[in-house]
Amino acid sequence: MRVTILGCWGPYPRAGENCSGYLLQEGDTSIMLDAGHGTFSCLSELMDFRKLTAVIISHFHPDHSADIPCLRHAIKGANADGTRSGRLPLYAPEKPEEDYARLRAQEDAFVITGVEQLPVQSGTGYHKLQVKDFAITFLPTVHPLPCYACRITATGKTVVYTADTSWFDELVPFAQDADLLIAECSGFDKDRDKLAGVHLSARQAANLAKAANVKGLVLTHFWPEFDVNRLVAEAAEVYDNVSAAAGKRVIDL
Ligand SMILES: [Zn+2]
Ligand SMILES: [Zn+2]
């Protein structure tokens, strides 16, 4: 499986860079996971958007969803000029209702399914999705908007993406033994109280990686004013195999 970072900043990007987005690829299958500010432009540098297989949106904060309308117009245009046919499958939370209604107004480009409408995995109760070789399960996170972390498996490799979340214990079994954990890291541990209920600190992301016994940790979702090297250093005090997300960084598993 190939993971390409489309953007790693939240809630606004650094100059010339992008907010949250990740491209997951295996064979002919390409899934766009989150579509924050600037990610459509980055995706278009890397591949023909017409060849996307599906889009998954973790939640409706703009740094994860702002570029959906770009993709809508691109898909509509491609369908109209005959360079593509059919609407693109898109999966997103059904709440908040007003955001979901705005998304549903874009059904001329997308076949939209609420994550809550997906079948449930026996045993865990998590909603699950199969897109070609990709098996994906969704864990509701702790965040001001309904949001889902994703556990993605293809050809024997597993990536876990925390999306936006505060610490809660269920993250640990959800991320257990993953080959790669992409964890949000919105600040330093000294600000843990300010982050509570919304985001993880670098140290908490590392605690998750260690407790879940993952093989590697990539930190992401950085506040643009913070020193990313210092965030990585804080995480490295807890967990060794840690690095920072960066636009267009490619990780092959
Ligand atoms: Zn965010
Ligand atoms: Zn958010």
Side-chain angles (χ1 to χ4, degrees), residues 3-15 17-24 31-43 55-71 90-100 102-103 114-116 138-152 159-168 170-171 174-175 181-189 191-205 208 217-226 228 231-232 235 244-247 249:
V3 180
T4 307
I5 314 288
L6 303 176
C8 60
W9 304 101
Y12 63 96
R14 279 190 183 170
E17 301 195 33
N18 314 315
C19 286
S20 294
Y22 307 87
L23 179 61
L24 310 170
I31 300 173
M32 186 177 189
L33 175 58
D34 276 346
H37 311 89
T39 51
F40 177 77
S41 174
C42 185
L43 178 93
V55 180
I56 297 169
I57 301 296
S58 65
H59 68 303
F60 283 107
H61 276 150
D63 55 327
H64 300 255
S65 64
D67 272 15
I68 293 173
C70 297
L71 193 54
L90 188 156
Y91 304 87
E94 289 183 325
K95 295 212 163 114
E97 281 172 17
E98 58 272 27
D99 291 307
Y100 193 62
R102 255 195 303 277
L103 179 64
V115 171
E116 295 80 359
F138 296 87
L139 170 69
T141 73
V142 175
H143 196 57
L145 288 192
C147 178
Y148 288 97
C150 298
R151 183 179 176 101
I152 303 129
V159 175
V160 170
Y161 169 52
T162 64
D164 283 7
T165 189
S166 185
W167 178 272
F168 63 113
E170 202 175 345
L171 285 167
F174 190 73
L181 171 64
I182 303 173
E184 77 117 294
C185 155
S186 300
F188 295 96
D189 210 55
D191 297 322
R192 186 189 286 219
D193 290 348
K194 280 189 227 158
L195 297 169
V198 187
H199 290 303
L200 296 174
S201 71
R203 180 174 292 272
Q204 286 177 312
L208 173 58
L217 167 64
V218 169
L219 300 176
T220 191
H221 201 274
F222 307 115
W223 181 261
E225 313 302 326
F226 287 169
V228 171
L231 289 165
V232 171
R249 178 177 169 194

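Just so you know, ligand 1 is whichever comes first in the structure, and atom 1 is the first atom listed for that ligand.
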Counting no waters, how many protein N/O/S atoms sit under 2.8 Å from the Zn ion (ligand 2)? 4

H61 vs H59 aromatic rings, parallel, tilted or perpendicular, using cut-offs 30° and 60°? perpendicular

Could I get the full list of side chain to side chain donor-acceptor pair (under 3.5 Å) partners for R151, not counting sequence neighbours? none

Once the angle between the rings of Y161 and Y22 is folded into 0 to 90°, is it parallel (under 30°), tilted (30 to 60°) or perpendicular (over 60°)? tilted

Any chance the side chains of H221 and D63 put a donor and an acceptor closer than 3.5 Å? yes

Out of V232, L200, V228, L181, which one pairs with L219 under the side-chain contact (heavy atoms from CB on, under 4.5 Å) rule? V232

Verify whether one side chain among W9 and E17 offers a donor that lies under 3.5 Å from an acceptor in the other. yes

Between the Zn ion (ligand 1) and H221, is there an N, O or S atom separated by less than 2.8 Å? yes

